[in-house]
K.L.:
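Take this structure first; my questions come after.
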Amino acid sequence: MSVSDTATPAAVRVAIVGATGAVGTELRRLLDERDVPIDGDPVFLASERSAGSRLPWKDRDVEVQAISAAAFDGIDIAIFSAGGDRSKEWGPVAAAAGAVVIDNSSAWRMDADVPLVVSEVNPEAVARRPRGIVANPNCTTMVLMVAAKPLHDALGLTDVVATSYQAAGGAGMSGITELLEQAEKFLQQPEDLQTDGASAEARVSAESFSKALAFNVLAHCGSFADARYTDEEWKLVNESRKILNLPALRMSPTCVRVPVVVGHAINARLTFTQPVQRAAAMEALAAAPGLIVEDGIGKDGEPLAYPTPLASAGRDEVFVGRIREDLGDPYSLNLFVVGDNLLKGAALNAVQIAELIVAERT
Ligand code: A2P
């Protein structure tokens, strides 16, 4: 056993920016449960609205502070999950104060001097961070990458056609609240859902999403951007290329919002440099870290098994099922990947990046 196997990592001072939010809540829980060695109490930061309130931490609670330059004094790791504007403004401030910034927003992801890291896929990228910032990928991209990487390693990925089914929780706490409030209102007059959907829709307000999400499916996630694709769709394209180090990867994305509280699903058709057999794909997927294969058709001795967002909510792992050779192209494989967007899709990966940084200090 080497010295580094036995060395205890030095404890780190940690700040969470956005500690009161949906991802911030999971960050607090995970830092505690995974026993990240934290020196003293973590610093919880949020907006002026929350300043002075208290959040639980282990057997006590810690006061929330408004974000400020002084709040980063002495901090080793600052995890940001308070929106891109805060990350753009305060990320460099925290880095200049000596912290490694782990940023959950899209603000820094495509910066050439900021690594974009999925802990199971490209952990080595964390080491080169000239800005002192490490970016956490978009939740949909993250979930897809955990399944795509082992297949790419085995077969050489060239093309991806991906359709996402994204949960309300991807838009934060306000997205979840909006979905639940709409559902409650609709259920007061459920017959409209069958006979007069437009009247039902007129009774609810839609702010987090562009139309009513409850009992609906929205072919619109994020804001429209270049070539009539949304920014969510462009994130899937650009971030996948960066994480897999495949700048020429051909991608066709469609991001769809579904009335699920937590858990993003992606149906993907992956094309490789060589013909692909299901058995070889299953072998690569079964050996992949952080991934569970749930794939059975309920006959010929197989149990019925496939992943769902509901069953993945609150789980750390990414799940993959419906693994099928493509009917038209021997070089392509179809599969369905699901992961908790607040956990592996956000907070868990951020904490796993923090663990990689802590490990550097042993
Ligand atoms: P606050 O609770 O004080 O508004 P979510 O993604 O669940 O919507 O959470 C967003 C997080 O970002 C919350 O912790 C929120 O704090 C924080 N936040 C939002 N606006 C600001 C701001 N202007 N300065 C600091 N934190 C902010």
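Index from 1, following the sequence. Just so you know, these numbers use all the heavy atoms, side chains as well, and skip hydrogens, waters and symmetry mates. What you are looking at is a predicted structure, and each value in this text was computed from that prediction instead of being measured.
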K.L.:
Counting distance only, does the side-chain N/O of Glu239 pair as donor-acceptor with the main-chain N or O of Thr141 below 3.5 Å?
P.N.:
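No; judged by distance alone, with no hydrogens or angles, the pair does not exist.
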K.L.:
Specify the closest pair of heavy atoms between Val114 and Ile133, including all atoms of both residues, with the distance to one decimal.
P.N.:
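Closest approach of Val114 to Ile133: CG1-O, 3.5 Å.
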K.L.:
Minimum heavy-atom separation for Cys255 and Ser164, please, with both atom names.
P.N.:
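Result for this residue pair: CA-OG, 3.0 Å.
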K.L.:
Kindly check if the number of other-residue, nucleotide or ligand heavy atoms within 6.0 Å of CD (Gln194) is above 12?
P.N.:
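Counting neighbours around CD of Gln194, 12 or fewer heavy atoms of other residues, nucleotides or ligands fall under 6.0 Å, so no.
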K.L.:
How about Leu218 and Val256: do any of their side-chain heavy atoms sit closer than 4.5 Å?
P.N.:
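No - every pair of side-chain heavy atoms lies 4.5 Å or more apart.
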K.L.:
Do Leu270 and Leu151 touch side chain to side chain, with heavy atoms closer than 4.5 Å?
P.N.:
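Touching, per the 4.5 Å side-chain cut-off.
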K.L.:
Are Leu187 and Phe215 close enough that some pair of their side-chain heavy atoms sits under 4.5 Å apart?
P.N.:
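Yes, at least one pair of side-chain atoms sits under 4.5 Å.
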K.L.:
For the CZ atom of Phe80 and the CH2 atom of Trp108, what is their distance to the nearest 0.5 Å?
P.N.:
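One finds 10.5 Å between CZ of Phe80 and CH2 of Trp108.
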K.L.:
CG/Asn136 to OG/Ser119 distance, rounded to the nearest 0.5 angstrom?
P.N.:
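Going from the CG atom of Asn136 to the OG atom of Ser119 covers 9.0 Å.
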K.L.:
With sequence neighbours left out, which residue pairs that include part of residues 74-102 fulfil the side chain to side chain donor-acceptor pair (under 3.5 Å) condition?
P.N.:
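Residue pairs passing side chain to side chain donor-acceptor pair (under 3.5 Å), neighbours aside: Ser81-Asn104, Ser87-Asp103, Ser87-Ser105.
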K.L.:
Can you check whether Leu30 reaches Leu343 side chain to side chain, under 4.5 Å on heavy atoms?
P.N.:
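SC-SC contact between Leu30 and Leu343 confirmed.
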K.L.:
Does the side chain of Thr230 come under 3.5 Å of the side chain of Glu232 through a donor N or O and an acceptor N or O?
P.N.:
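No.
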K.L.:
Does Phe272 reach the side chain of Ser332, with side-chain heavy atoms less than 4.5 Å apart?
P.N.:
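No, their side chains stay 4.5 Å or more apart.
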K.L.:
OG/Ser53 to CZ/Phe44 distance, rounded to the nearest 0.5 angstrom?
P.N.:
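Between Ser53 OG and Phe44 CZ, I get 10.5 Å after rounding to 0.5 Å.
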K.L.:
Report, as yes or no, whether the 6.0 Å neighbourhood of atom CD on Gln274 holds more than 12 heavy atoms from other residues, nucleotides or ligands.
P.N.:
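Enclosed: over 12 neighbouring heavy atoms sit under 6.0 Å from CD of Gln274.
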K.L.:
Between Thr140 and Gln166, does the side chain to side chain donor-acceptor pair (under 3.5 Å) criterion hold? Intermediate values first, please.
P.N.:
CA-CA 8 Å; Thr140 307; Gln166 297 182 213; 3.2 Å; yes
K.L.:
May I ask you to decide if Val126's main-chain N or O and Arg129's side chain share a donor-acceptor pair within less than 3.5 Å?
P.N.:
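Yes, the answer is positive, given that a donor and an acceptor are paired below the 3.5 Å cut-off.
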K.L.:
One thing to verify: whether Arg34 and Glu355 come together as a salt bridge, which I'm taking to mean a side-chain N less than 4.0 angstrom from a carboxylate O.
P.N.:
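So Glu355 pairs with Arg34 through a salt bridge.
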K.L.:
Is there a donor-acceptor contact under 3.5 Å from the side chain of Ser50 to the main chain of Ala46?
P.N.:
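Here the side-chain-to-backbone pair does not exist.
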K.L.:
Taking 4.0 angstrom as the limit, do Arg54 and Glu63 come out as a salt bridge?
P.N.:
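Yes, charged N to carboxylate O under 4.0 Å.
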K.L.:
May I ask you to check whether over 12 heavy atoms, not counting those of Arg322, lie within 6.0 Å of atom CZ?
P.N.:
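No, CZ of Arg322 has 12 or fewer neighbouring heavy atoms, counting only those of other groups under 6.0 Å.
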K.L.:
Which pair of heavy atoms, one from Leu31 and one from Val14, lies closest together, and at what distance?
P.N.:
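For Leu31 and Val14, the tightest heavy-atom pair comes out as CD1-CG1, 4.1 Å.
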K.L.:
Would you confirm whether Asn122, through its side chain, and Leu116, through its main-chain N or O, come within 3.5 Å as a donor-acceptor pair?
P.N.:
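Confirmed, Asn122 side chain pairs with Leu116 backbone.
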K.L.:
Is it the case that over 12 heavy atoms from other parts of the model lie below 6.0 angstrom from the CG atom of Leu327?
P.N.:
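No, the 6.0 Å shell around CG holds no more than 12 heavy atoms from other groups.
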K.L.:
Step through the shown structure and confirm whether more than 12 heavy atoms of other residues, nucleotides or ligands are within 6.0 Å of CD on Glu48.
P.N.:
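For Glu48, atom CD is not crowded (no more than 12 foreign heavy atoms under 6.0 Å).
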K.L.:
So, are Glu120 and Lys344 salt-bridged, with charged N and O less than 4.0 Å apart?
P.N.:
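A salt bridge is present here (some side-chain N lies under 4.0 Å from a carboxylate O).
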K.L.:
Given side-chain contact (heavy atoms from CB on, under 4.5 Å), test Asp329 with Asp326 step by step and report yes or no.
P.N.:
CA-CA 6 Å; Asp329 176 11; Asp326 192 74; 3.7 Å; yes
K.L.:
State, without any angle test, whether Ser205 and Lys185 hold a side-chain donor-acceptor pair at a distance under 3.5 Å.
P.N.:
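No, no side-chain donor-acceptor contact under 3.5 Å.
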K.L.:
Using side-chain heavy atoms (C-beta onward) and a distance below 4.5 Å, is Val160 in contact with Val237?
P.N.:
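No, their side chains stay 4.5 Å or more apart.
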K.L.:
Would you call Arg60-Asp41 a salt bridge at under 4.0 Å N-O?
P.N.:
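Salt bridge between Arg60 and Asp41, a charged N being under 4.0 Å from a carboxylate O: yes.
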K.L.:
Classify the side-chain pair Glu233/Thr254 by whether it contains a donor and acceptor separated by less than 3.5 Å.
P.N.:
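Looking only at side-chain atoms, Thr254 and Glu233 do not form any donor-acceptor pair under 3.5 Å.
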K.L.:
For Lys242 and Arg109, indicate whether the former's side chain and the latter's backbone hold a donor-acceptor pair under 3.5 Å.
P.N.:
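A pair under 3.5 Å: yes.
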K.L.:
Return yes when atom CG of Leu310 has more than 12 non-hydrogen atoms of other residues, nucleotides or ligands closer than 6.0 Å, and no otherwise.
P.N.:
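Result for CG/Leu310: open.
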K.L.:
Under a 4.0 Å threshold between the charged nitrogen and the carboxylate oxygen, would Glu33 count as salt-bridged to Arg29?
P.N.:
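Result for this pair is yes, salt bridge flagged.
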K.L.:
Looking at Asp192, is its backbone amide N or carbonyl O close enough to the side chain of Asp196 to form a donor-acceptor pair, meaning the two atoms are under 3.5 Å apart?
P.N.:
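Side chain of Asp196 to backbone of Asp192, a donor-acceptor pair under 3.5 Å: no, none is there.
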K.L.:
Salt-bridged, Arg13 to Asp73, with N to O below 4.0 Å?
P.N.:
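Between Asp73 and Arg13 there is no salt bridge, as every charged N stays at least 4.0 Å from the carboxylate O atoms.
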K.L.:
Is it true that a side-chain atom of Arg28 and a backbone atom of Ala19 form a donor plus acceptor pair closer than 3.5 Å?
P.N.:
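Yes; at least one donor-acceptor contact below 3.5 Å.
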